[in-house]
Structures are given as structure tokens and as C-alpha cells.
Amino acid sequence: MESNKLFGTNGIRGLVNKELTVEMVVKVAEAIGTFFQRKNLLLGYDARTSGPMFAKAMTAGLTATGCNVYFAGMAPTPALQYAVKNHCMDGGVIITASHNPPEYNGIKVIWRDGIEISHEQEREIEEIYFKGKLVLAEWNKLGAKRELWTVNDEYIQAIKKHVDTAAISERKFHVVLDPANSVGSLTAPSLLRELNCKVTTINANIDGTFPGRMPEPRPENLKELAIVVKATGADLGVAFDGDADRAIFVDENGEVHWGDKTFAIIEKEFLIENPNEKIVTPVSSSTLVKDIADAYKGEIVWTKVGSVTVSQTMKEVKAKLGGEENGGVFYGPHQAVRDGAMTTALILEIMAKTGKKLSQLIAEQPQYFIEKGKIECPEDKKGKVLQKLLEQVQDLNISTIDGVKIWFEDKSSILIRPSGTEPIYRLYAEAKSQEKAQKLIEEYSLKIERILKTL
Ligand code: MG
């Protein structure tokens with residue numbers, strides 16, 4: 001971690017007892033408590049082995065500054081975010097490292113609207129932390145710790161209000177669920193059973209060492225889920241990440257589909273019922289999301305990559321739906337944050353109402369092929385490379401919201417972004433054929449290599 005920074009793109013993350021220690025979490029907690037100023041804060045954690053230890057450290061630091069801690073225990077991130085709003089808390093803290101491997105943990109700070117705090121607010125907390133501006137409470141004004149054990153059930157009931165439960169129940173879907181041995185196990189099986197689904201689970205015992213699979217729901221981690229879906233003849237497979245805010249789906253044939261395809265299914269149904277609405281999505285999303293918006297009278301609002309930016313933008317432009325290619329769907333009528341269980345309920349509702357299998361819903365969409373690439377680039381040259389590249393492509397249809405994205409007339413596109421964490425440029429190409437996507441990666445890799453040689 002840099003000397004004046006705590007927060008990365010998604011809160012504070014680090015290796016347990018190396019980059020993130022109990023001592024540090026106590027001080028971070030005091031900085032967060034100083035920032036909130038003696039308010040009521042919800043606290044919860046995911047299934048990681050270090051969760052209870054860091055939750056105790058967080059409780060100590062927050063109560064030392066006079067904040068009251070409402071301890072919710074183990075819960076999915078979206079359940080805790082919902083509880084912050086539902087219980088009129090002033091904010092919340094979630095101990096989670098989301099999709100990172102088990103040796104990591106992290107801290108997400110939630111504002112009273114249930115959305116993670118803005119990057120400006122993160123800077124305020126860092127300022128308090130690094131400049132010794134901690135304000136501790138007098139002995140007779142310390143905060144109290146109270147317990148709140150109802151958040152998971154309240155969350156399940158809230159999701160059910162946003163879907164046609166009768167239509168879903170009637171279909172008696174068979175769903176295979178893989179919550180990665182983490183907190184999705186606490187809510188999704190109950191939700192699905194309440195929706196009259198037959199539920200088969202794998203990796204559903206809570207185990208912070210994540211013995212079943214790594215918590216990032218990438219296709220290579222979901223082979224077991226795909227096999228079980230096919231072998232049991234289930235209608236659908238669902239995999240969550242470690243804190244259950246992202247959902248990736250497997251169709252009845254055992255094929256894993258990346259998040260922008262399932263998001264486009266939800267987007268289409270949403271726009272049919274709510275035409276002329278805005279859809280918020282990062283520039284890393286597929287052109288498919290734009291195609292659906294064009295076909296069903298929606299308006300795309302592109303953002304930088306990052307879930308907090310999507311949530312904040314939804315609030316700014318008053319949008320009710322957002323989505324990411326990594327399986328994050330933000331359903332505003334419920335809450336403007338990513339929510340794995342809400343996404344699952346929406347997909348089941350669409351399958352129930354249309355009578356179509358997931359593979360059919362996917363096959364109906366415009367098809368795109370994807371290629372990815374990366375090029376090494378020293379940190380100090382990243383800015384120059386982007387500047388030179390922009391000079392070369394300025395006459396094309398481009399967006400510079402995050403790196404540079406270029407859309408071509410044949411519906412192919414390429415996104416070229418400097419990585420925020422590594423000395424590399426990442427390239428994501430999409431086209432109507434695999435060959436064309438591959439060609440784009442080669443062409444733009446060469447351009448960047450040539451630019452690098454001139455610097
Ligand atoms: Mg997550």
C-alpha cells in the first residue's frame with residue numbers, strides 16, 4: 001500500500017497479518033468513526049477466517065470514537081447494504097475481500113443510502129488516518145455494541161417484493177447453486193426454496209479457506225457447477241463471488257455465460273416494461289448492452305470501470321438499472337448496488353414469464369466474440385502512451401471515460417486501459433467474429449509497442 005493511501009478501487013484490501021493487521025484495522029476503525037462522528041453504524045463480515053478477528057478490531061475502534069455498532073454477523077454484502085437503508089443507519093462497515101483469494105481481507109465503508117462511500121469521502125478518511133486527526137470519545141461517551149440478527153431474512157423478503165413470486169413458483173425450477181463456501185449460502189438457498197425451486201447446492205458449507213473453488217466466479221472456476229447442472233438436468237446454475245454481490249449463470253446445457261449477456265437479458269425485459277429509461281454501464285461492457293438499449297428505447301450512460309462509479313452515476317442521472325460484465329447487476333427499485341440474489345430472482349422471473357430456457361434467451365441476443373490482451377508498460381510511461389495513442393485515433397468514434405474505447409463501423413470495438421494495480425495496459429476487443437477480435441488485439445498491441453519504442 002502507498003504511504004498516503006488506504007482505499008483501492010473497491011475499498012481497503014490486503015493480505016491478512018501482512019498488509020492488513022489487527023492494529024491497522026483498529027486505527028482504520030478510529031478514522032472511520034472520526035469521519036462519521038458518533039453515529040449508528042452497521043457492521044458485518046463475509047466467511048473469511050479473519051472476519052471475526054477484524055470485526056472485533058473494527059468494533060473496538062468504532063466504539064472508541066463514540067459510534068454505536070450494530071453487529072449483524074456474517075452476511076452477504078448486498079444484505080448488509082440493504083440493512084443500512086432499511087434500519088435507517090448512518091452508515092456501515094463490511095469486512096470482506098469480495099472475490100480475492102482466502103488469504104486476503106478488506107474493508108468496505110457504506111454510506112447511509114447503502115452505497116459505498118465516494119472516493120472523495122475515502123480521501124477524507126485517509127486524511128484523518130495519516131495526519132493523526134483521530135478524535136477519540138471521553139470515557140463516558142463511548143459507543144455501544146448492539147446485535148442485529150435479522151438482516152439476512154429481511155433481505156430475502158425484500159428481494160421477493162420485486163419479482164412475480166407466483167409466476168416463478170409455478171414453474172418449480174431446479175437450480176444448482178455454488179456460493180463458493182461463503183455468505184451466499186446464508187440467503188440464496190432460502191430465497192430459492194421460498195420461490196418454490198428445487199435447490200441443489202455445491203460448495204455451500206461455510207468455510208473461510210474456500211476449499212471448493214476460488215471466490216472469483218470466472219468460467220475456469222465453475223467447471224464443477226457446469227457438470228452438476230448438466231448431470232442433474234437442472235434449469236439453471238448460479239455462482240456467486242465471495243461476498244455474493246455478483247452472480248454468474250450457467251445454462252441448462254452446462255455453458256457458463258459472462259455477465260454482460262445475462263445483464264442484457266434483464267435489460268431487455270426492463271426496457272420493454274420501462275421504455276425511455278437510462279441504463280448505466282462501464283465502458284468495459286459489451287456493445288450488446290448498447291444494441292439492446294437501441295432496440296428497446298433505452299439510453300446508455302457509460303461510466304468508468306468500478307461498481308461504486310456505477311452506483312453513484314445511477315443516483316446522479318436517476319437511473320433504475322445498471323450492469324457490469326463481471327456479473328454485477330444493480331436493480332434500483334431494490335437498491336442501486338450489485339446484488340447476486342436479486343439478479344438470480346430477476347433471471348428466474350424472466351425464464352418464468354417468457355417460458356424460455358436460459359440458452360434460448362442468450363441465443364436470441366446479437367452475438368459477439370471477445371479477445372483479451374495485455375502489454376507491459378512502466379507506470380511512468382502510462383500517461384504518455386495514452387496521449388500518443390489518442391493522437392493516432394482521434395478521428396475515430398472514441399470515448400476517453402476510462403483509457404480509450406474505440407467503436408468501429410462494423411460493430412467491433414476495443415478498450416485499451418492502463419491497469420490500476422499492475423505495470424500493464426489491458427486490451428479488450430469485441431467483434432462479430434473471433435478472427436476480427438484477434439486482429440484488433442494484434443493491431444493495437446503493435447501500436448502501443450511502437451509508441452513505447454519512441455518514448
Ligand atoms: Mg463482490
Side-chain angles (χ1 to χ4, degrees), residues 7-14 16 20 42 44-48 50-51 54 72 74-84 92-110 114-117 122 151-152 155 159 177-188 203-204 206 208 210 212-219 221-222 225 238-249 258-260 262-263 281-282 284-285 305-312 314 322-331 334-344 420-421:
F7 293 89
T9 31
N10 270 94
I12 299 170
R13 295 271 168 96
V16 173
L20 195 63
L42 188 88
Y45 53 81
D46 71 14
R48 289 163 194 277
S50 55
F54 286 140
M74 214 185 266
T77 290
L80 293 163
Q81 290 175 295
Y82 177 75
V84 166
V93 178
I94 307 174
I95 310 288
T96 177
S98 186
H99 62 270
N100 285 142
E103 59 271 28
Y104 283 82
N105 213 334
I107 299 166
K108 286 184 181 180
V109 185
I110 309 299
I115 300 173
E116 276 176 69
I117 56 168
E122 290 176 347
V151 304
N152 284 333
Y155 166 71
I159 288 172
L177 180 73
D178 177 354
N181 298 103
S182 194
V183 284
S185 313
L186 301 173
T187 48
N203 307 322
I206 296 273
F210 302 147
R213 65 163 168 93
M214 281 296 113
E216 166 109 66
R218 302 186 59 80
N221 294 333
L222 305 182
L225 174 63
V238 188
F240 293 145
D241 73 325
D243 63 339
D245 60 352
R246 286 162 50 192
I248 290 289
F249 296 89
W258 205 229
D260 31 21
T262 41
F263 174 58
T281 198
S284 52
S285 288
V305 176
S307 66
V308 185
T309 311
V310 173
S311 291
Q312 304 282 5
M314 282 177 69
E324 296 174 314
E325 44 79 42
N326 61 15
V329 173
F330 308 63
Y331 189 63
H334 171 52
Q335 54 179 352
V337 299
R338 316 195 271 208
D339 190 323
M342 184 72 242
T343 309
T344 307
T421 49

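Quick caveat, the model's predicted, so the values are computed rather than measured. Counting starts at 1 for both ligands and their atoms, following the listed order. The residues of the chain are indexed from 1 along the displayed sequence.
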Trainee: Within less than 2.8 Å of the Mg ion (ligand 1), any N, O or S from Thr96?
Mentor: no

Trainee: Nearest to the Mg ion (ligand 1), which N, O or S atom of Asp243 do we find?
Mentor: OD1

Trainee: For the residue pair Asn105 / Tyr45, report whether a side-chain donor-acceptor contact shorter than 3.5 Å exists.
Mentor: no

Trainee: Using the rule side chain to side chain contact (heavy atoms under 4.5 Å, CB included), only one of Leu42, Leu80, Asp243, Asp46 pairs with Ile94; which is it?
Mentor: Leu80

Trainee: Closest to the Mg ion (ligand 1), which N/O/S atom of Asp245 is it?
Mentor: OD1

Trainee: Do Asp260 and Ser285 have side-chain atoms, one donor and one acceptor, less than 3.5 Å apart?
Mentor: no

Trainee: Would you please say whether a donor-acceptor pair under 3.5 Å links the side chains of Arg213 and Asn203?
Mentor: no

Trainee: Return the name of the atom in Asp241, of element N, O or S, nearest to the Mg ion (ligand 1).
Mentor: OD2

